[in-house]
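When reading the values below, keep in mind they use all heavy atoms of this one structure, side chains included, and skip hydrogens, waters and symmetry mates. Below, chains carry the letters A, B, ... as their sequence lines are ordered, and counting in each starts from 1.
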Amino acid sequence: MGHYNKKSHHSTGAFPLSLEDDLLRQRHDRIREIEALGFRPYGHRFDFSHSLATVLAEYTPVEAAQLDANRVPVKVCGRLRTIRRMGKAGFAHLTQDGAQLQIYVKKDLVSETDWKLWELIDLGDIVGADGYLFRTRTGELSVHVEKLYFLAKTLLTMPEKFHGIEDVELRYRQRYLDLIASPESRAVFVARARIVASLRRQLESRGFIEVETPMMQPLYGGAAARPFVTHHNTLDIDLYLRIAPELYLKRLVVGGLDRVYEINRNFRNEGVSTQHNPEFTMLEFYQAYTDYHGLMDFTCELLKQVAIDATGSAAVQYGDDTLDFGNIRRLSMREAVREFWTGPEPARPDDAAWLLANSHKATAGEALTDIFERVGEDKLIQPTIIYEYPVETSPLSKQNPDNPAFVDRFEIYAAGMEIGNAYTELNDPQEQRRRFEMQLGMRERGDEEAHQMDEDYIRAMSYGLPPTGGEGIGIDRLTMLLTNSKSIRDVILFPLLRPEGDIGLAAKLRELDTAQG
RNA sequence: GGGCCGGUAGCUCAGUCGGUAGAGCAUUUGACUUUUAAUCAAAGGGUCGCGGGUUCGAGUCCCGCCCGGCUCACCA
């Protein structure tokens with residue numbers, strides 16, 4: 001129920017309004033006044049002659065005298081970001097698609113109706129204007145308005161114009177306001193779009209085709225994670241939201257789509273943090289007839305170019321560090337443990353006894369991974385490829401022919417964060433069956449994240465999966481690095497939050513609507 | 001889930017030792033025909049996140065809860 005229901009019994013007649021209701025009512029009433037002037041409060045199509053960005057791009061170099069000598073007529077539109085009324089004239093800034101341009105309205109130069117409209121408009125309203133370009137006394141390129149249009153009313157007040165939105169909760173819940181108020185936030189999402197476009201362009205130019213595989217899967221796999229469960233009513237079956245597209249993409253390689261990729265959402269039912277959102281976007285790509293060495297070279301090219309496309313340089317500022325994506329170091333996991341181990345004795349990662357003595361894990365391979373993650377991961381600030389992973393932690397990777405305790409796998413780290421994972425794909429169906437059965441054993445011992453048996457996947461592989469390299473790159477984390485964002489929520493438009501409950505706006509609008517009759 | 005920090009006007013933030021809830025922006029009214037976070041004058045606007053408790057008296061102290069941030073654990 002609205003605020004003034006509770007308060008209205010204190011006074012008869014007009015209810016006392018809270019500020020918020022008062023502002024809402026003022027703007028709501030103003031719709032009637034705008035209509036009375038002959039304007040529509042919510043306009044239709046508006047054919048502008050120039051976007052604000054175009055005006056700025058084309059006429060920023062043109063000097064005042066030239067603009068006065070050869071008048072440039074323009075028809076522009078945008079949201080009102082500032083208004084400075086000065087008696088019988090005034091200035092305002094319009095914003096459109098990230099660009100900002102000043103307009104100047106002088107009573108002498110517009111119709112009486114347009115002047116009344118100018119006096120009625122609020123910060124945040126969306127308007128259009130006919131006029132011509134000129135430069136103000138201080139040299140700012142502006143539109144001298146001859147005719148005003150009204151395109152959309154704002155009923156709610158805009159964020160404070162100087163500080164914008166500081167409350168992070170508000171920024172995440174009402175991202176539209178964040179985008180209006182803070183150009184930095186807008187820039188992050190524009191950069192994210194450029195990153196995705198760059199990856200697509202690079203993959204397409206190498207003959208990869210984009211595919212879409214199921215997000216609702218009867219069996220989940222391709223990663224170690226707990227899934228979300230949903231239900232299909234008509235078929236009466238439980239389905240899992242995918243934790244990875246991997247097994248479907250490799251079926252496609254069996255089917256002769258030799259180079260495939262997918263950029264889409266994965267869902268993992270895990271905790272949230274500055275590096276984890278329950279739904280996140282991954283690029284996965286598979287290339288037949290290559291292996292993890294081929295992928296390493298490709299990855300270095302891919303990351304260098306995406307950094308350049310997103311930021312203009314392969315060297316990217318992240319916090320206090322400059323990450324150089326033009327020069328990616330390669331280090332085996334055992335080398336990394338030797339390098340970053342800080343114990344009194346030098347590390348002996350080739351020695352199973354040493355590994356087991358320094359970890360609580362059951363096998364030497366798991367112990368090596370455990371030790372690496374503890375001592376090495378957060379020190380990998382510069383972009384680094386870590387290769388040679390123990391077989392135990394990689395049920396879908398192909399073993400190294402010379403050392404079957406290891407698989408031909410690598411991960412990419414930067415700023416202490418894992419941003420990618422790649423390997424030569426296991427393509428022997430017998431071995432795959434054994435690995436799945438090993439995972440089933442782990443599952444029976446209570447490991448909820450152990451892989452499920454996927455018999456159709458084994459069937460597909462039994463038709464022959466060519467030698468293949470496959471890789472996944474976390475788009476959210478890559479975007480964090482390339483936009484200098486410290487939280488994954490800053491690069492996801494609508495990160496997962498608990499629901500906020502009743503907002504109360506519908507009730508207030510209903511009341512205004514019925515009060516109006 | 002644990003630890004720490006936060007939630008006060010539409011927005012950004014103050015609020016001392018427990019003693020009548022403040023500023024700037026925004027809003028309203030007035031002045032102002034080239035302003036730049038326009039300026040000047042005045043006014044209105046508060047469920048101090050929610051619920052209990054202590055107290056003569058709670059934004060402030062105590063307890064519980066809700067929402068968010070950081071961090072640890074888990075994960076990519």
Salt bridge (charged side-chain N to carboxylate O under 4.0 Å, His left out) with [X]: which residues, sequence neighbours excluded?
X         : answer
Asp114(A) : none
Asp97(A)  : Arg186(A)
Glu279(A) : Arg265(A)

Hey, are [X] and [Y] close enough for a salt bridge, meaning a charged N less than 4.0 Å from a carboxylate O?
X         : Y         : value
Arg135(A) : Glu140(A) : no
Arg409(A) : Glu411(A) : yes
Lys153(A) : Asp125(A) : yes
Asp167(A) : Arg171(A) : no

Rounding to an integer number of angstrom, what distance separates [N] and [M] when you compare their [atom1] atoms?
N       : M       : atom1 : result
rA43(B) : rU54(B) : P     : 41 Å
rA21(B) : rC48(B) : C1'   : 8 Å
rC25(B) : rA37(B) : P     : 13 Å
rA73(B) : rG3(B)  : P     : 16 Å
rU36(B) : rC40(B) : P     : 11 Å
rG18(B) : rA26(B) : C1'   : 33 Å
rU28(B) : rC67(B) : C1'   : 33 Å
rC66(B) : rU27(B) : C1'   : 31 Å

Considering only heavy side-chain atoms of Lys161(A), the closest of rA26(B), rA76(B), rU27(B) is rA26(B)

Please state how far atom [atom1] in [X] lies from atom [atom2] in [N], giving the value in whole angstrom units.
X         : N       : atom1 : atom2 : result
Arg81(A)  : rU36(B) : CZ    : C1'   : 13 Å
Ile121(A) : rU27(B) : CD1   : P     : 11 Å
Leu170(A) : rA9(B)  : CG    : P     : 12 Å
His360(A) : rC74(B) : NE2   : P     : 11 Å
Leu80(A)  : rA26(B) : CG    : C1'   : 14 Å
Ile386(A) : rA76(B) : CD1   : P     : 16 Å
Asn277(A) : rA76(B) : CG    : P     : 15 Å
Gln174(A) : rG10(B) : CD    : C1'   : 11 Å

Once each nucleotide of nucleotides 28-35 of chain B is scored for protein heavy atoms under 4.0 Å, what B/S/- sequence comes out, 5' to 3'?
S---BBBB

Classify the nucleic acid contact of [X] as base, sugar-phosphate or nothing, counting any heavy atom under 4.0 Å across all strands shown.
X         : answer
Ala223(A) : nothing
Gly164(A) : sugar-phosphate
Asp490(A) : nothing

Which salt bridge (Lys or Arg N to Asp or Glu O under 4.0 Å) pairs, counting each pair once, include a residue from residues 470-481 of chain A, with sequence neighbours left out?
Arg192(A)-Asp476(A)

To the nearest 0.5 Å, what is the distance between CG (Leu505(A)) and CG (Leu155(A))?
8.0 Å

Involving RNA chain B, stems made of at least three consecutive Watson-Crick or G-U pairs, both distances under 3.5 Å
B:1-7 with B:66-72, B:10-13 with B:22-25, B:27-31 with B:39-43, B:49-53 with B:61-65

The criterion is ring pair (Phe, Tyr, Trp, His ring centres under 6.0 Å); which residues satisfy it with His451(A), sequence neighbours excluded?
Phe436(A)

For Tyr220(A), which residues count as a ring pair (Phe, Tyr, Trp, His ring centres under 6.0 Å) partner, sequence neighbours excluded?
Tyr240(A)

Residues that Pro214(A) engages under side-chain contact (heavy atoms from CB on, under 4.5 Å), provided they are two or more places apart:
Gln217(A), Tyr248(A)

side-chain contact (heavy atoms from CB on, under 4.5 Å) partners of Glu212(A), counting only residues at least two apart:
Glu262(A), Asn264(A)

Give me, pair by pair, the N or O atoms of the protein and of nucleotides 66-69 of chain B that are less than 3.5 Å apart, along with how far apart they are.
| residue | atom | partner | partner atom | Å |
| --- | --- | --- | --- | --- |
| rC67(B) | OP1 | Arg498(A) | NE | 3.2 |
| rC67(B) | O3' | Arg173(A) | NH2 | 3.1 |
| rC67(B) | O2' | Glu169(A) | OE1 | 3.3 |
| rC67(B) | O2' | Glu169(A) | OE2 | 2.3 |
| rC67(B) | O2' | Arg173(A) | NH2 | 3.4 |
| rG68(B) | OP1 | Arg498(A) | N | 2.7 |
| rG68(B) | O4' | Glu169(A) | OE1 | 3.0 |
| rG69(B) | OP1 | Arg489(A) | NE | 3.3 |
| rG69(B) | OP1 | Arg489(A) | NH1 | 3.4 |

Considering all heavy atoms of both residues, which atom of Arg226(A) and which atom of Glu270(A) are nearest to each other, and what is their separation?
N-OE2, 3.1 Å

Near RNA chain B, counting only heavy atoms under 4.0 Å, which residues of residues 365-383 of chain A show up?
none

Kindly indicate whether a cation-pi arrangement holds for Arg175(A) with Phe494(A), taking the cut-offs as under 6.0 Å to the six-membered ring centre and within 45° of the axis.
no

